[in-house]
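Computed from a predicted structure; not experimentally measured. Reminder, nothing fancy here: chain letters follow the sequence lines and each chain counts from 1.
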2 protein chains.
Amino acid sequence: MGPPSTVAGTASLTPVSYLVLGLVARHGTATPYDLKSFAAQSVGNFWSFPHAQLYKEPPRLAEAGLLAEEREEFGRRRRIFRITDAGRAALAEWLAGGETALGELRAPGLLKLAFAELGRPADAAALARGQAAAHRTRLATYEAFAALPADAMPWSLRRALELGLGYERLQVDFWETLVRDLAAGRIPPSPSTGPAPPAA
Amino acid sequence: MGPPSTVAGTASLTPVSYLVLGLVARHGTATPYDLKSFAAQSVGNFWSFPHAQLYKEPPRLAEAGLLAEEREEFGRRRRIFRITDAGRAALAEWLAGGETALGELRAPGLLKLAFAELGRPADAAALARGQAAAHRTRLATYEAFAALPADAMPWSLRRALELGLGYERLQVDFWETLVRDLAAGRIPPSPSTGPAPPAA
DNA sequence: TTCAAACCGTCCGAAACAGACGGTCTACTA
DNA sequence: TAGTAGACCGTCTGTTTCGGACGGTTTGAA
């Protein structure tokens with residue numbers, strides 16, 4: 001009647017689970033607070049998790065046998081987690097797992113843009129300027145990260161960062177182009193994609 | 001003790017709220033089921049909402065005075081929604097609203113890649129191939145959409161689609177490059193991306 | 001000794017989520 | 001006329017996430 005933890009502990013593992021497992025595996029040991037920091041300066045850039053989850057998940061994984069828990073002897077007596085063989089196995093299984101879902105382009109700015117025809121053109125222009133600026137900022141952050149020495153992060157993380165870089169550049173280009181097109185009164189999709197505008 | 005709906009109905013409006021408002025405004029009237037379909041063939045491509053929300057949200061908005069509700073006279077007697085002036089105002093306010101949040105690159109594949117160093121290179125290669133294929137598929141879908149005649153969708157939606165197209169192309173390129181690099185034993189980030197590492 | 005500032009952790013209400021489940025209508029068939 | 005397949009349409013429920021308020025602890029500087 002207990003919670004249905006599958007045999008080897010392969011219960012329902014969520015993305016957070018793997019984040020934690022991966023982070024702990026990568027760093028050897030970690031307290032929840034460490035996880036928070038590690039995440040913040042790596043994957044957290046692309047995919048943020050409420051920190052409360054990083055406190056809840058490790059005990060859950062420990063219960064499933066995927067992490068081992070100890071305590072600091074003095075001071076705050078924080079929980080320190082270490083990965084177990086079962087945990088390493090679960091992580092490996094995930095990494096080797098076939099089908100990986102796709103995810104979506106859930107950008108609030110995109111949603112707003114999709115309905116921009118219902119507002120004033122000036123609003124669309126403001127949106128575009130705002131998005132361009134915001135993405136430029138984030139792009140700068142990523143570039144600073146990318147400028148770190150080669151051994152500052154594992155190759156895989158650097159690759160991920162590179163996708164992030166490409167993504168931000170795409171966004172910046174997109175919104176800047178939109179700003180220009182709107183300013184030029186060029187409303188249709190793209191400079192050269194203009195079949196006759198619908199009945200003046 | 002009711003839910004704290006702010007004066008003019010500007011309670012807490014979520015992205016779903018605006019999706020509904022926008023869709024109804026765009027089409028004149030809509031039943032929840034219509035919303036489901038409209039969404040599916042427009043923004044739903046980038047940002048999917050559980051359909052239950054599209055049934056729950058309209059009554060909520062109607063209660064706030066942003067939509068007006070009527071009933072089919074016969075048959076299923078479905079709820080038909082129409083936007084009110086207050087609704088149009090809320091929508092306009094949103095569209096004109098300054099700060100728009102940024103959103104994240106929440107791609108499961110990216111998370112997995114970030115930890116690929118912990119697995120076998122072959123796994124990373126498989127991941128890359130899988131992602132490339134999946135994104136190629138979605139790219140094809142978007143391209144079919146984009147091939148529609150100019151008047152098949154409003155300019156703003158088409159613009160949004162264009163960002164989606166760019167995004168999928170970026171993904172396809174990224175993963176395909178990774179496949180090649182991995183096959184060639186070229187693991188580091190990128191063939192030519194080497195600014196002089198600071199202080200060797 | 002006191003205090004501020006950083007550090008660290010828990011808790012909770014409100015939504016979102018995913019999908020099972022059930023009802024209703026139309027059109028075709030017998 | 002009656003039956004029925006299949007599309008169409010809608011609701012409900014348990015679980016998980018979200019986001020942030022809130023509170024305690026430790027350090028070290030004054």
Side-chain angles (χ1 to χ4, degrees), chain A residues 1-5 11-20 23 29-41 43-44 47-64 69-81 101-104 106 108 111, chain B residues 1-6 11-20 23 29-41 43-44 46-64 69-81 101-104 106 108 111:
Chain A
M1 267 289 199
S5 34
S12 61
L13 296 184
T14 66
V16 211
S17 311
Y18 293 111
L19 173 72
V20 169
L23 249 20
T29 59
T31 67
Y33 185 76
D34 289 334
L35 292 174
K36 198 177 116 180
S37 322
F38 293 155
Q41 58 187 202
V43 244
W47 189 334
S48 76
F49 302 89
H51 72 274
Q53 302 216 168
L54 300 183
Y55 281 90
K56 250 186 247 173
E57 193 62 19
R60 221 178 69 92
L61 294 175
E63 209 173 333
E69 176 180 352
E70 20 181 326
R71 284 273 187 172
E72 272 184 348
E73 306 235 331
F74 304 108
R76 262 166 220 257
R77 299 186 41 75
R78 284 173 296 193
R79 293 151 171 260
I80 298 178
F81 294 89
L102 269 196
E104 297 169 351
R106 275 179 177 228
L111 185 62
Chain B
M1 269 296 190
S5 33
T6 312
S12 59
L13 296 185
T14 66
V16 210
S17 312
Y18 293 111
L19 172 73
V20 170
L23 250 20
T29 59
T31 67
Y33 186 76
D34 289 334
L35 291 174
K36 198 176 114 180
S37 322
F38 293 155
Q41 57 188 201
V43 243
F46 313 123
W47 189 333
S48 76
F49 303 89
H51 73 274
Q53 303 215 173
L54 300 183
Y55 280 91
K56 249 186 250 173
E57 194 63 18
R60 222 177 68 92
L61 293 174
E63 207 174 334
E69 176 179 352
E70 18 181 327
R71 285 274 188 171
E72 273 183 348
E73 305 235 331
F74 304 109
R76 262 166 222 256
R77 299 186 41 73
R78 284 173 295 192
R79 294 150 171 260
I80 298 177
F81 294 90
L102 270 195
E104 296 170 351
R106 277 183 176 224
L111 185 62

Practice item. Could you state the atom-to-atom distance from OH of Tyr18(B) to C1' of dA15(C) in whole Å? Key: 16 Å
Point to revise | Approximate separation, where rounding is to 0.5 Å, of Leu111(B) CG and Tyr18(A) OH | key: 10.5 Å
Distances for protein N/O vs nucleotides 26-28 of chain D N/O pairs under 3.5 angstrom?
{"from": "dT26(D)", "atom 1": "OP1", "to": "Gly75(A)", "atom 2": "O", "distance (Å)": "3.1"}
{"from": "dT26(D)", "atom 1": "O4'", "to": "Arg76(A)", "atom 2": "NH2", "distance (Å)": "3.3"}

Review point. Does Glu57(A) or Arg78(B) map to a spot on DNA chain D nearer the 5' end, using the closest nucleotide for each?
Key: Arg78(B)
Check your understanding: Under 4.0 Å between a side-chain N or O of Gln53(A) and OP1 or OP2 of dC18(D)?
Key -> yes
Revision key, fill the gap. Which of dG9(C), dC18(D), dC12(D) is nearest the side chain of Ala52(B)? It is dC12(D)
Exercise for review: Could I get the full list of side-chain hydrogen bond (donor to acceptor under 3.5 Å, both in side chains) partners for Ser37(B), not counting sequence neighbours?
Suggested key: none
Point to revise | Length of the CG-P vector between Leu19(B) and dC17(C), whole Å | key: 12 Å
**Study point:** Qualifying residues under side chain to side chain contact (heavy atoms under 4.5 Å, CB included), relative to Arg77(A), sequence neighbours excluded
**Key:** Arg71(A)
Close N or O pairs between protein and nucleotides 21-23 of chain D (under 3.5 Å):
none

Exercise for review: Using whole Å, report how far CZ of Phe49(B) lies from P of dA18(C).
Suggested key: 12 Å
Point to revise | Rounded interatomic separation in angstrom, taking OH from Tyr33(A) and P from dC8(C) | key: 4 Å
Check your understanding: If you look only at pairs with a residue in residues 47-59 of chain A, which of them pass as a salt bridge (Lys or Arg N to Asp or Glu O under 4.0 Å), with sequence neighbours excluded?
Key -> Glu57(A)-Arg60(A)
Exercise for review: Return the value, rounded to whole Å, for the distance between atom CG of Leu54(B) and atom P of dA15(C).
Suggested key: 17 Å
Exercise for review: Please report the closest heavy-atom contact between Leu54(A) and Ala39(A), naming both atoms and the distance.
Suggested key: CD1-CB, 4.3 Å
Review point. Can you find a side chain N or O atom of Thr14(A) that sits less than 4.0 Å from OP1 or OP2 on dT17(D)?
Key: yes
Practice item. Report yes if a side-chain nitrogen or oxygen of Tyr55(A) is closer than 4.0 Å to either non-bridging phosphate oxygen (OP1 or OP2) of dT10(C); otherwise report no. Key: no
**Study point:** By side-chain hydrogen bond (donor to acceptor under 3.5 Å, both in side chains) - contacts of Ser48(B) (at least two apart)
**Key:** Glu104(A)
Study note, to complete from the structure: Closest to the 5' end of DNA chain D, once Lys56(B) and Pro32(B) are matched to their nearest nucleotides, is Pro32(B)
Exercise for review: Please name all residues satisfying side chain to side chain contact (heavy atoms under 4.5 Å, CB included) with Pro59(A), sequence neighbours left out, ordered by chain then number.
Suggested key: Arg79(A), Phe81(A)
Check your understanding: For the pair made of CZ in Phe81(B) and C1' in dG10(D), what is the distance, rounded to whole Å?
Key -> 12 Å
Practice item. Compare side-chain N and O positions of Arg106(B) against OP1 and OP2 of dT17(D) and report whether any pair is under 4.0 Å apart. Key: no
Check your understanding: Could you give the CD-to-C1' distance, from Glu104(A) to dA16(C), as a whole number of Å?
Key -> 13 Å
Practice item. For Tyr33(B), check ring pair (Phe, Tyr, Trp, His ring centres under 6.0 Å) against everything at least two apart and list the hits. Key: none
Review point. Excluding sequence neighbours, so at least two apart, what forms side chain to side chain contact (heavy atoms under 4.5 Å, CB included) with Thr29(A)?
Key: Ile80(A), Arg82(A)
